[in-house]
Protein chains: 2
Amino acid sequence: MPVPKGSTIDPSRTRAAILETATPVLYERGLDGIGVAELCARLGVSKETLYRHFGTKDGLVQAVLEARSERVTRWLTEAVTAAGQDHADQLTAVFDALQRWYDDPVFRGCAMLNAAAQHHVETVRAITARHLDGYLELLTGIARRAGAADPQALGRQWLMLVEGATVVAAHHDATGAGEHARRAALALLPTTVGPQD
Amino acid sequence: MPVPKGSTIDPSRTRAAILETATPVLYERGLDGIGVAELCARLGVSKETLYRHFGTKDGLVQAVLEARSERVTRWLTEAVTAAGQDHADQLTAVFDALQRWYDDPVFRGCAMLNAAAQHHVETVRAITARHLDGYLELLTGIARRAGAADPQALGRQWLMLVEGATVVAAHHDATGAGEHARRAALALLPTTVGPQD
DNA sequence: CCGAGATCGTACCGATCGGTTCGATCTTGG
DNA sequence: CCAAGATCGAACCGATCGGTACGATCTCGG
């Protein structure tokens with residue numbers, strides 16, 4: 001029971017608890033795969049509380065997606081930072097982190113892509129686009145620091161490998177998807193920079 | 001009006017007409033984005049007819065997805081065949097065809113991936129997996145004929161580029177997505193074989 | 001020319017959907 | 001100790017969902 005009756009008194013605490021618990025449920029079941037009633041039951045929260053905090057089911061969905069996008073991007077960024085200065089190491093850190101995600105039993109593909117595929121609401125699609133923006137920025141940064149002739153282009157190709165690996169892992173075969181993508185990404189690194197695989 | 005009342009008398013004709021008309025509608029609106037009633041109205045067909053031919057909405061969905069998967073895979077395969085013997089040309093043909101698809105105003109990403117993202121039914125996921133199997137087979141064939149050391153691995157990396165490019169084109173930016181993916185794919189070709197870009 | 005059967009249009013079914021309302025309960029600040 | 005307000009649980013709302021039933025209409029093979 002994440003929200004113990006009216007004990008919290010702090011609304012922002014309740015909101016955060018709802019957000020945190022709703023995220024994995026909506027990810028597992030799909031945005032339209034669970035109704036508000038069952039969702040509230042799983043959250044241990046009444047409908048009135050949910051609607052006061054988020055106004056609409058779509059409001060909750062957007063809040064969940066935005067929080068998740070931020071969290072995932074931060075997680076990947078930290079993996080890169082922890083990898084040190086070597087650009088190949090940074091790239092490897094990205095795809096190793098992704099592979100760890102693919103191997104998680106609850107892995108069901110990118111939540112933002114799934115959401116955009118089912119919900120045709122424009123705001124959801126915008127969140128997904130911004131999410132990919134974040135990825136692109138991270139990857140382009142690596143490409144730029146690696147001295148790529150065209151960091152934008154290389155970052156975009158890496159983004160395709162990241163998303164492609166995620167799609168393949170989710171819908172075809174997860175074994176070694178991250179490693180295959182990593183090798184491909186490293187092969188695109190300017191050969192003048194750093195040792196390769 | 002694709003099905004002119006009871007004039008056809010040939011049930012298989014009716015079935016084919018429903019399939020053909022339902023495909024773009026379900027692609028545009030999403031599988032759960034349109035109800036059976038409105039769908040039938042758009043098809044110019046009564047509910048009874050639809051249910052006699054497909055039994056269930058899921059039955060129609062599966063038939064539509066299978067037909068579309070076959071059609072798309074055949075389309076890509078023919079593009080490769082038409083490209084001649086050169087492996088780089090064959091690869092280029094794939095990504096050029098994809099770019100033409102991305103530029104189509106009705107492009108909304110891969111229908112099979114979208115379906116698998118919304119519908120958690122196992123049969124739909126299976127159709128998607130088989131669809132990716134078809135792509136992988138096509139790409140692995142090119143890799144093998146190109147003399148790749150590990151055609152399976154190279155085919156899989158190309159598959160990631162194909163799916164990644166499609167995802168990026170659908171949810172981020174379609175301009176030049178096919179070209180970027182094509183350059184990356186060509187860069188992964190064994191340098192001993194054929195001229196590159 | 002008649003009977004089989006494909007189709008239509010519409011009404012209908014129970015279930016579920018997102019969302020609202022309300023009285024009761026609980027916690028906390030003043 | 002009381003008023004403010006956050007929360008609960010359950011009832012309730014109209015709309016829509018997937019699916020069924022039925023009588024009328026149409027076409028075609030025999």
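First the proteins, then the strands, lettered A, B, ... as listed; each starts at 1.
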Of the candidate nucleotides [options], which contains the atom at the shortest distance from the side chain of [X]?
X: B:Ser46; options: C:dG9, D:dA11, D:dT20; answer: C:dG9
X: B:Lys47; options: D:dA11, C:dA11, D:dT7; answer: C:dA11
X: B:Val45; options: C:dA6, C:dC8, D:dA6; answer: C:dC8

Between [X] and [N], does any side-chain N or O lie under 4.0 Å from OP1 or OP2?
X: B:Thr14; N: C:dA6; answer: no
X: A:Thr56; N: C:dG18; answer: no
X: A:His53; N: D:dT7; answer: yes

Quiz item: Taking B:Gln90 for the side chain and B:Ala83 for the main chain, is one N or O donor matched with an acceptor at less than 3.5 Å?
Solution: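 Flag not set: sc B:Gln90 to bb B:Ala83 has no pair under 3.5 Å.
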Quiz item: Got a donor-acceptor contact below 3.5 angstrom from the A:Tyr135 side chain to the A:Thr73 backbone?
Solution: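 Checked: no pair found.
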Measure the distance from [atom1] on [X] to [atom2] on [N] and round it to the nearest whole Å.
X: B:Arg52; N: C:dT7; atom1: CZ; atom2: C1'; result: 7 Å
X: A:Glu38; N: C:dG19; atom1: CD; atom2: P; result: 16 Å
X: B:Leu50; N: D:dT20; atom1: CG; atom2: P; result: 11 Å
X: A:Tyr51; N: D:dA6; atom1: OH; atom2: P; result: 19 Å
X: B:Leu31; N: D:dG18; atom1: CG; atom2: P; result: 11 Å

Exercise. Taking the side chain as every heavy atom from C-beta outward, state whether B:Asp173 and A:Arg156 have any atom pair closer than 4.5 Å.
Key: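 With C-beta onward as the side chain, the pair touches.
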Quiz item: Within 45° of the axis and under 6.0 Å from the centre of the six-membered ring of A:Tyr27, does NZ or CZ of A:Arg68 qualify?
Solution: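 Checked: cation-pi criterion met.
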Quiz item: When the nearest nucleotide of DNA chain D is assigned to B:Glu48 and to B:Lys57 on a heavy-atom basis, which residue is associated with the more 5' position?
Solution: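 Final value for this comparison: B:Lys57.
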